[in-house]
Amino acid sequence: MGMYHLSDELRAGLADTADAMVAPGKGILAADESSPTIKKRFDAIDLASTEETRQAYREMLFTAPDVQNFISGVILFEETLGQKDSQGTPFPELLKQRGIIPGIKVDKGLARIPGTREEKATQGLDGLGKRLTAFAAQGARFAKWRAVIHIGDHRPSRLAVDVNAHGLARYAALSQDAGLVPIVEPEILMTGGHDIHTCDRVSEWVLERVFSELVLHRVFLEGMVLKPSMVTSGDACPEQAEIDTVAEASIRVFRRTVPAAVPGIAFLSGGQSSELATAHLNAMNQKGPHPWELSFSYGRALQEHPLKVWAGKDENVPAAQAALLKRARCNGAARYGEYSPGMESG
Ligand code: 13P
């Protein structure tokens, strides 16, 4: 019973990596935008997405001075894992030299589930074992797989919840088998007019199903990281829950569904403003101690400001890096419940 198909040595390595990913005072930078997603982000600053601009942008992020004090790991897209900095150092090696753990997004995006109201399943299980082994050889030490759940219009369906929980568990088991720590990401989208209570019920259901599949698939819980959305009001709900309400509802759901064996929960930002994502994390940590580390794995909430400041221009690199460091520092403080909005102007 359990995960004893993994050797003692493999389990110890997975647990060490997972612990380091959620080390106190630090969190993860999600910089794993797929080609269509990074194009969308670059469109907003009027920049063409080419291999060169994508490399330049990621080099700006990964070489930002002092971010290693607040960033434990970076999630890369496949293309970036194979790219080099302008000195010729491969990105995974550059991150490693800075004490930052490189990881890799391994899912292949979403496909509709027939018979549902445009609900989605995550693709990428076929051949995944071989790809994971190759990513590990390129220097990746953890992996990420994102599943998406919609709320509203009679969603989620039981079918969508079960298909996605199964996919996450299959991926997590294959990752550990290849020596990579799986980030298990069931994202419940904020999109919609639903209230926080609806998000609360759906979150509990989804997380219960995800952990039940993880256990069925013999996933070593000490060697994984959960990346959930927070329990919030839908973005179009007229009544937006207060920061404290979001923190309380989120903690209650996680206490009910996430085993204490899991070392850390690293939230996605999901379209929240950068400052609100920090404030929510801070409020949750103020309510500690908790059985797990409560950390961040933000994409937009870390990159929104630096991307805008950079705007595709070399001369803006130092200012953009300072903007990234500021967000990283604010979120690092929120890891201890020591963030205050005053830090935003400092
Ligand atoms: P956001 O924080 O922008 O939601 O991105 C995190 C992520 O990795 C989504 O898969």
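None of these values were measured; they are calculated from a predicted model. As a basis for the values below, the full set of heavy atoms in this structure was taken, side chains included, without hydrogen atoms, waters or symmetry mates. Atoms within each ligand, like the ligands themselves, are counted from 1 in listed order.
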Out of Gln303, Glu185, Glu187, Met190, who gets a non-hydrogen atom closest to atom 9 (C) of ligand 1?
-> Glu185

Carboxylate-amine/guanidinium proximity below 4.0 Å for [X] and [Y]:
{"X": "Glu344", "Y": "Arg327", "result": "yes"}
{"X": "Arg58", "Y": "Glu33", "result": "yes"}
{"X": "Lys120", "Y": "Glu118", "result": "yes"}
{"X": "Glu119", "Y": "Arg155", "result": "no"}

Looking only at protein heavy atoms, which one is nearest to [atom], and how far off is it?
{"atom": "atom 1 (P) of ligand 1", "answer": "Ser269 OG, 3.3 Å"}
{"atom": "atom 10 (O) of ligand 1", "answer": "Lys144 NZ, 2.5 Å"}
{"atom": "atom 4 (O) of ligand 1", "answer": "Gly270 N, 2.7 Å"}

Have Glu79 and Ser35 got a donor and an acceptor in their side chains that come within less than 3.5 Å?
-> no

Gln55 versus Glu59, side-chain donor and acceptor atoms under 3.5 Å | yes

Could an N or O of ligand 1 be found under 3.5 Å from any N or O of Ala30, whether backbone or side chain?
-> no

What atoms of ligand 1 come closer than 4.0 angstrom to any heavy atom of [X]?
{"X": "Arg146", "answer": "9 (C), 10 (O)"}
{"X": "Tyr298", "answer": "2 (O)"}
{"X": "Lys227", "answer": "6 (C), 7 (C), 8 (O)"}

